[in-house]
Number of protein chains: 2
Amino acid sequence: MSTRLVVIGGDAAGGSAASQAKKRRPDLDVVLFERGRATSYSACGIPYWISGAVEHESDLVARTPEQHRANGLDVRMRTEVVGIDTDKGVVHWHDLDAGTEGTEPYDELVYATGSVPMRPPVEGIDADGVYGVQVLDDGVALRAELDSGRVRRVVVVGGGYIGLEIAEACRERGLDVTVVDRSATPVGTFDPDVGRFIADAVREEGVDLVLSDGVAAIDVGPDGRARAVVTASGRELPADLVVLGLGVRPNVRLAQEAGIPLGTSGGIAVDARMRTEVPGVWAAGDCVESVHRLSGQRIVVALGTHANKQGRVAGINIGGGYATFPGVIGTAITRTCSIEAARTGLAEHEAEAAGYEFLTAAVDSTTKAGYFPGAKPIRVKMTAERRTGRLLGAQIVGKEAAGKRIDALAICIWNEMTVDEILSLDLSYAPPFAPVWDPVLIAARKASEAVEADLRSC
Amino acid sequence: MSTRLVVIGGDAAGGSAASQAKKRRPDLDVVLFERGRATSYSACGIPYWISGAVEHESDLVARTPEQHRANGLDVRMRTEVVGIDTDKGVVHWHDLDAGTEGTEPYDELVYATGSVPMRPPVEGIDADGVYGVQVLDDGVALRAELDSGRVRRVVVVGGGYIGLEIAEACRERGLDVTVVDRSATPVGTFDPDVGRFIADAVREEGVDLVLSDGVAAIDVGPDGRARAVVTASGRELPADLVVLGLGVRPNVRLAQEAGIPLGTSGGIAVDARMRTEVPGVWAAGDCVESVHRLSGQRIVVALGTHANKQGRVAGINIGGGYATFPGVIGTAITRTCSIEAARTGLAEHEAEAAGYEFLTAAVDSTTKAGYFPGAKPIRVKMTAERRTGRLLGAQIVGKEAAGKRIDALAICIWNEMTVDEILSLDLSYAPPFAPVWDPVLIAARKASEAVEADLRSC
């Protein structure tokens, strides 16, 4: 009798796990449940489809159900798994279109249910015209609203990555856009000094930023539709449409009901091979927690790139191979309006929370040699541990060709390099690509000088 | 009595050494000799000034003699050091404009004479109209020729970085350009499969490439001016101007005469603190040899970024600090016509020469998410050691936003990472910057699969 793998969730993590397992072990029966209308799509691309930069919804889909089926997977679309019985090894499903129900036995199970948008528990939050942007079907609904022509004023609640990307998308469509965020600077995963650059760029684009102010309520009209966002300070922001960009939390309800243990962060606890604590049950993607390699803490990071890697790891292991997911270091990048912002490692407040003593250094430079046509401003900020000089975190903000330099610093952090070691690195140089001292090396040099000065004064 | 530092050469290495030493030790007397008309300029920027992309010669100068003087340096322009007496601790100088001569005593000496363009020992090589492009004054002369309007056909001898950059610059000025190179693909520091992409891009731009053919002679007209390049195969390439782009060799004549030892590569032998084997004599920049961290060999790499770092290291040490230059790994980048090409670590032939057994993997991907507007092609090639999977080399070729990704892989090599470790790295992802699997991660994944398959078959 053949072995059966059941995968719950057909996006990045689930799709990768199913594909890898089948590829490694062709005799495996693989059943993939997806409650939405699409598999293996780029949720991160939704804002760009909403803005119109990406033309077709189908452009966002990396692998369709038909393509998965051609690879030998039994794909069940619009079918939600509503229960897991880990003792019997079955899942209960519900076909959302046909209205039918049933069970499916499994030998191995991959739990890849992703995340759900945070919804603040305020009055009116469930009104019509309030949207999260998490799955492709959310994007479809939101875009239909925008295409209807009846929306002129959009209020985005939350100024994180997705919030700002959606704000920019709406702005590009010529709408009036206001973003409300509780923090003093948007994208709170950046240090405030870097966040201010982002705020300036967003405002330059004509987006209204309401900062240091939370959402107290959604004002709902007599037609049951949201018509304004009321802030904690009492401001009333008129809205034809409200978009929630408050981030996401892991979708763990089913797992909790089935007794699959969560970790301290609220995500599903997994080991490096992506095994949960229940034998035969694996988990991957936005719903699991990962180890932060610097703080040692377990955290939940909802990012397609981790989901893909984790799904691949689970699939390889299920397929009889051996692979591990070694954790994360908090790397992220965004392009908001004309600005690129990227970070890796620990932000200042995270370094403090993790108990590190540190120094910071920031430099302003250019993306190409200063004299070269098209050279753009770039600011690189580094956080280095006192005494050891180990790089703990880095943030980059600037124009075109600035952001992706963060990868170099992510790898430095990954390898526990000191800022002194970093400044000697053999990085690429030619005038169209960098000043003779690349901005990341100048920042390392400045940080190294700060570490030395600090040591001399001890 | 104060201590006197004499620095021979006022470009990247010499200028950095002098500045750092003075900064660390303000009581130091620093005398900087420069035989040319400029200090601390970007030689790498000359092609872009010739093309007109960079407007003014002065844009290429990072620090003028006046700026150095304002920092307390005694700068002697147009003054060539013609001899070093290491027993007496004096240098002999010759003021090229005034015609005067003299000596200058030193306690510490920095030898930073840079490099000289290779000139093939063929008939006619010293004719008028044959130019090297090494120092800013060469660029001035070459640009004057081009501005004269009498040049229509340019032949560039050598298809390396500088050769192709000059070829492109001349092409942008609307000239007929032919590049002659002995190798089958241009830029021989790249593997031939990558070199072919570069060749295609150069030809697309309308540059005529004559490959697998060397220069046999320069045909000189009755006016004493070069009028054609004659190749080894007998082709005659008419030329109003001949530019030598055959690379450079360290300028070590003075050092040899003074008994300052060279290393096996022909560059001046230095330790990690940039000390030569003669007490009190330091050296830095294009004239010294560096350790290649992978092959362990001593090599000469003429690059402004190394020169700046080495000069800084020498200056810190002379100034009473402690700093080292840890060697190189062969990172380089170039933009030729519309193509970006970059490399790090060992090319295939270098890995072979160093005795490594290796596997290669190459992938074609895009610089942004495939569906994102402006996504451009990128090819990433990796060379991994058999059995261990250690990354030995990487090459990238593609369009805009492709090349600088090499820095990430340079840091992986620096830290002796395996391709399996690399594919799990937490690199930045968002659709405007990368596919969900960054091209460098896809390449690592493919290389890792090759290493695994090879191990399974052993």
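Throughout, protein chains are lettered first and strands after them, A, B, ... in sequence-line order, and every chain is numbered starting at 1. Small disclaimer: the values here were computed from a predicted structure and weren't measured. As a basis for the values below, the full set of heavy atoms in this structure was taken, side chains included, without hydrogen atoms, waters or symmetry mates.
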So for A/D420, is it side chain, backbone, both, or neither that comes closer than 4.5 Å to the heavy atoms of chain B? neither
Residues in ring pair (Phe, Tyr, Trp, His ring centres under 6.0 Å) contact with B/Y48, at least two apart in sequence or another chain: A/F372
So which part of A/A342 gets closer than 4.5 Å to some heavy atom of chain B, the side chain, the backbone, both or neither? neither
Within residues 301-314 of chain B or reaching into it, pairs that qualify as side chain to side chain donor-acceptor pair (under 3.5 Å) - sequence neighbours excluded: B/S16-B/N308, B/S290-B/Q310, B/T305-B/K309
Contacts with chain A made by residues 425-434 of chain B (heavy-atom distance under 4.5 Å), listed by residue number: B/L425, B/D426, B/L427, B/S428, B/Y429, B/A430, B/P431, B/P432, B/F433, B/A434
Contact origin within A/E55 toward chain B - heavy atom pairs under 4.5 Å: neither
Could you give me the CA-CA distance, side-chain angles and deciding distance for A/D407 and B/R405, then say whether side chain to side chain contact (heavy atoms under 4.5 Å, CB included) is met? CA-CA 8 Å; A/D407 287 352; B/R405 279 174 154 93; 5.6 Å; no
Check whether A/I422 gets within reach of chain B through its side chain, its backbone, both or neither, counting any heavy atom under 4.5 Å. neither
Picking from A/A369, A/C44, A/A408, which has the most non-hydrogen pairs under 4.5 angstrom with chain B? A/C44
Could you tell me which portion of A/E165 (side chain, backbone, both or neither) has an atom closer than 4.5 angstrom to a non-hydrogen atom of chain B? neither
Sequence neighbours excluded, the answer for salt bridge (Lys or Arg N to Asp or Glu O under 4.0 Å) partners of B/E350 is B/R343
One option among B/G321, B/P373, B/P47 has the most heavy-atom pairs under 4.5 Å with chain A, and it is B/P373
Tell me, for A/L303 versus chain B, whether the close heavy atoms (under 4.5 Å) come from the side chain, the backbone, both or neither. side chain
Side chain / backbone / both / neither for A/T334 at chain B, heavy atoms under 4.5 Å: backbone
